[in-house]
Q: 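The following block contains the structure, expressed as structure tokens.
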Amino acid sequence: MSEAPELRIMHGCDELAREAADFVLWVGQQTLAQAGRCRMVLAGGATPRALYRALARAGPGELDWQRVEFFFGDERCVPPDHPDSNYRMANETLFTPLKLDPNRVARMVGEGSNADAIARQYEATVRERCSTPAPAVPRFDLVLLGLGEDGHTASLFPQTPALEERVRLVIGSVAPREPRQRVTVTLPAINGAGTVVFLVSGAAKAPAVRAVLEPRDEYERRLPARLVQPTAGRLVWFLDREAAAHLAAVKQQVDDREE
Ligand code: 6PG
């Protein structure tokens, strides 16, 4: 990791969602003020639900959502109304409550069996929307990421060829669990961002958080989430205390308090 990322550790998942939402709104406000547009890449899975609900409560007075453009970090190859669809989760918790113009959302058209074709189509969409022809890398203003218990992020899984991709922005991927067929942004797409935020909650993630942030061997140093190192951007980890519990610095604080 080029330099130690910023850690923001909250007491519980509610505070985590609120604090992360405040930060996302701040990034959006700064970006719109400076660039007049804001490109946000959303994470999937379950953890971001509370964050998206908190963001949806922020009305146009806090952020002009209709000037934000939404992309996805990954998608399962399922229809948009499927229970496993990352688009469905974001639509239910964020887009619909915001009454967002559907044209502001670049959905990964995940339905279909050919993940590589879906990935190529989405890359073309991203390049067109960001006016960034190949081989340049678009600069997303904010990329939101989760962390799997195995150290994966987006749909970049440990010890897979996806981690070696240096040219394409979006590729097909195979997950170790259902739904296995995925489409994911690549490390160059993530590391070109202005700000990258990890949002991680719960004791089950504590070993993965420690492995990524305090690796002890080469395997851990090569975990997908550890390879997220923005080239010229900011990296911030939003954790609750349960997810941070195995970090040396946090354990030291707890030990000090118990003395
Ligand atoms: C996905 C996500 C994935 C997720 C982690 C954590 O499509 O599943 O992109 O990377 O962020 O698996 O998932 P939870 O938030 O559900 O624990």
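Each ligand, and each atom within it, is numbered from 1 in the order the structure gives.
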Q: Report yes if some N/O of T153 lies less than 3.5 Å from some N/O of ligand 1; otherwise report no.
A: no
Q: With a heavy-atom distance limit of 4.0 Å, tell me whether D74 approaches ligand 1 through its side chain, its backbone, both, or neither.
A: side chain
Q: Do any heavy atoms of R76 fall under 4.0 Å from ligand 1?
A: yes
Q: As an exercise, identify every atom of ligand 1 less than 4.0 angstrom from a heavy atom of G146.
A: 11 (O)
Q: Counting heavy atoms only, which part of L145 comes closer than 4.0 Å to ligand 1: side chain, backbone, both or neither?
A: neither
Q: What is the closest protein heavy atom to atom 3 (C) of ligand 1, and at what distance does it sit?
A: A154 O, 3.5 Å
Q: Check whether W65 reaches the backbone of A58 with its side chain - one donor and one acceptor, N or O, closer than 3.5 Å.
A: yes
Q: I need the nearest protein heavy-atom contact for atom 16 (O) of ligand 1: residue, atom name and distance, please.
A: A46 N, 2.8 Å
Q: Before signing off on this row, confirm whether H152 and ligand 1 have an N or O atom pair separated by under 3.5 Å.
A: yes
Q: Whether the side chain of E75 engages the backbone of V183 through a donor-acceptor N/O pair (distance < 3.5 Å, no angle test) should be reported.
A: no
Q: Give the residue, atom name and distance (to 0.1 Å) of the protein heavy atom nearest atom 6 (C) of ligand 1.
A: L147 O, 3.5 Å
Q: What do you reckon, is CZ of R166 surrounded by more than 12 foreign heavy atoms closer than 6.0 Å?
A: yes
Q: Starting from atom 15 (O) of ligand 1, locate the nearest protein heavy atom and write down its residue, its atom name and how far away it is, to 0.1 Å.
A: T47 OG1, 2.6 Å
Q: So does T132 get a backbone contact from the side chain of R127, meaning a donor-acceptor N/O pair under 3.5 Å?
A: yes
Q: Would you kindly say whether D240 and S201 are connected by a side-chain donor-acceptor distance under 3.5 Å?
A: yes
Q: Assign the ring pair F198 / W237 to parallel, tilted or perpendicular, where the plane angle (0 to 90°) is split at 30° and 60°.
A: parallel
Q: For atom 17 (O) of ligand 1, what is the closest protein heavy atom, and at what distance to 0.1 Å?
A: K205 NZ, 2.7 Å
Q: Below 4.0 angstrom, N of the basic side chain to O of the carboxylate: do R221 and E218 qualify?
A: yes
Q: In this structure, which one of V197, T47, V196, V41 forms a side chain to side chain contact (heavy atoms under 4.5 Å, CB included) with L144?
A: V197
